[in-house]
Amino acid sequence: MPVIEVTNLHKRYREQVAVHDVSLTVEAGEIFGILGPNGAGKTTTVECVAGLRVPDGGGVSVLGLDPRRDADRLRERVGVQLQESQLPDRIRVGEALELYASFYRDPADPERLMDELGLRDKRDAAYKKLSGGQKQRLSIALALVGNPEVAILDELTTGLDPQARRDTWRLIEGVRDGGVTILLVTHFMEEAERLCDRVAVIDAGRVVALDSPAALVSRAAPRQRLRFRVSVPLDDRLLTDLPEVVTVEHRGSQVVVTGGDSMLQAVTSTLARHQITVADLRVEQSTLDDAFVELTGHRPDDH
Amino acid sequence: MHAFRQILRIETRLYLRDLPTLLTTVGLPTLILVVLGFIPSMRRPDPNFDGQPFVSYFAPSLLVITLAAAGVNILPTVLSTYRERGVLRRLATTPASPAALLAAQLVVTLGAIVVSAVLLVLVARLAFGVPLPRHALGFTVAFLLGTAALLALGLLVAALARTTKAAQAMAIPLFMLVMFFGGVYLPRFLLPDFLIRIGDYTPPGVQALLDAWTGTAPQPAHLAIMALVAVVAGTAAAKLFRWE
């Protein structure tokens with residue numbers, strides 16, 4: 001039985017439709033990602049799953065329960081980390097964790113969570129004195145302090161530096177290895193690629209693709225991207241005339257060429273024929289980023 | 001109930017940690033009393049005030065400082081900050097209810113008000129010979145109804161305001177009105193008669209407090225208005241309050 005089941009979810013705010021039609025299922029032990037540009041309906045979808053909003057249509061079931069009707073039972077079993085949810089300025093890290101632990105029948109050990117999230121030496125620090133990354137880690141710790149079976153994490157690593165982001169990913173993998181099912185909202189492709197078993201790409205309130213990150217990448221048109229610098233100004237037509245080339249762009253002193261798999265040979269030989277020397281040549285394969293752009297028409301960090 | 005007690009414990013600690021707020025709500029009235037009390041003429045019986053000294057006459061207005069600051073200024077600001085920052089929302093995802101946090105804030109505010117009142121009454125009695133409230137029952141009722149009316153108004157502000165800024169924009173004028181009609185800015189004997197009459201019916205009802213303190217039972221009409229404000233504002237706040 002799936003742990004989370006969303007069928008034809010529909011949600012409006014007055015005239016504005018936030019979620020048109022979203023269906024997805026999350027299996028036990030999975031890390032499931034919801035990807036999408038801002039305003040696509042990601043947060044509204046998970047808020048309906050968390051029981052914070054009432055859907056206008058469709059159904060949501062979590063651990064076989066209804067997030068509204070069985071709210072009391074689900075709150076014991078589902079941990080939620082919301083975007084932009086803060087704490088009082090003067091509460092201390094240790095106090096907050098112990099307070100939230102006291103709400104649950106079978107909480108995790110706050111001391112252990114502080115160790116795992118690197119908050120040990122911030123135990124007596126007031127919330128307002130924490131850095132953005134520390135606040136974020138505390139927020140994750142609060143979502144996990146109830147020993148949940150399901151964790152819903154909205155924009156898990158926003159505001160974290162790259163090292164902290166990788167540490168958080170490792171932590172989340174550890175949480176999953178402990179048997180927790182994780183529903184993750186993100187707009188970082190790298191995060192989805194690294195962490196998620198499956199990903200639903202949501203755009204304008206609808207699911208436009210649902211698959212493993214690797215399958216989404218391979219489903220996007222096979223593409224390569226070449227980046228290089230040239231010794232002399234380049235007439236773009238030299239390259240755009242090649243059948244293998246799709247686009248030619250200039251980014252600063254770099255030329256970026258995209259095209260099919262056989263593009264490399266065609267481009268380098270054409271440039272050589274015109275005595276144009278190429279420096280710093282790099283070949284990149286399609287990533288989830290490319291798949292995302294193809295599926296939604298925007299870059300993931302477009303705001 | 002368990003969650004409420006834990007939240008109350010933490011909210012009490014947070015209140016005690018916030019020194020400026022603590023000083024305004026609990027310390028300031030007594031501090032002003034002490035300053036005034038050191039001026040000999042303030043301690044002498046004065047025919048202007050039915051033969052009482054000015055410190056006795058002014059003590060109920062000092063109480064208004066605490067009631068106004070804690071009830072209509074700090075309470076709505078804290079609640080709307082908690083809402084704006086998603087503290088209430090985060091609680092809604094746990095087995096504890098955000099209503100427990102609201103209740104804890106009310107209890108902490110009430111606690112601060114009671115401590116401040118007791119401190120003021122005792123210091124007035126011990127240091128400056130102001131008699132304890134003579135009509136004890138009347139004073140208790142007037143104090144509780146006046147407090148309830150102001151807390152209800154504070155909750156109504158928190159309910160109506162969408163943001164912390166909006167809450168302050170409503171709370172500060174309300175706070176100043178309560179202080180003015182409570183005779184804090186200008187002692188009431190300096191005000192024209194019709195303003196004094198309005199002040200009698202403005203929460204927390206400084207005349208009822210003064211009557212009970214100096215010996216007569218508060219007028220039922222004064223008390224009834226406070227009860228009415230408490231019920232109407234409280235009901236409206238409960239109906240309109242948004243958790244997010």
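Just so we're on the same page: letters track the sequence lines, and every chain starts at 1.
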Looking at [Y] and [X], is any side-chain nitrogen of the basic one under 4.0 Å from a carboxylate oxygen of the acidic one?
X	Y	answer
D89(A)	R85(B)	yes
D197(A)	R176(A)	yes
E98(A)	R9(B)	no

Measure across [X] and [Y] and return the closest heavy-atom pair with its distance rounded to 0.1 Å.
X	Y	answer
G154(B)	P76(B)	O-CB, 3.3 Å
R83(B)	A158(B)	NH2-O, 2.6 Å
L74(A)	V62(A)	CD2-O, 3.6 Å

| request: Say whether E84(B) and T164(B), considering side chains only, have a donor N or O and an acceptor N or O under 3.5 Å apart. | output: yes
Toward chain B, the part of [X] with a non-hydrogen atom under 4.5 Å:
X	result
L87(A)	both
V78(A)	backbone
E84(A)	backbone
I91(A)	both

| field | pair R89(B)-L52(A): side-chain heavy atoms closer than 4.5 Å | value | yes
| task | Tell me the residues of residues 104-133 of chain A whose non-hydrogen atoms fall below 4.5 Å from those of chain B, in number order. | result | Y104(A)
| query | Would you call the rings of H222(B) and Y201(B) parallel, tilted or perpendicular if under 30° counts as parallel and over 60° as perpendicular? | reply | perpendicular
| said: Quick check: under 4.5 Å, non-hydrogen atoms only, which of residues 231-241 of chain B neighbour chain A? | reply: none
| Test side-chain hydrogen bond (donor to acceptor under 3.5 Å, both in side chains) applied to R12(A) and E15(A), H10(A), Q16(A), the passing residue | H10(A)
| field | Interface moiety of I7(B) toward chain A, non-hydrogen atoms closer than 4.5 Å | value | both
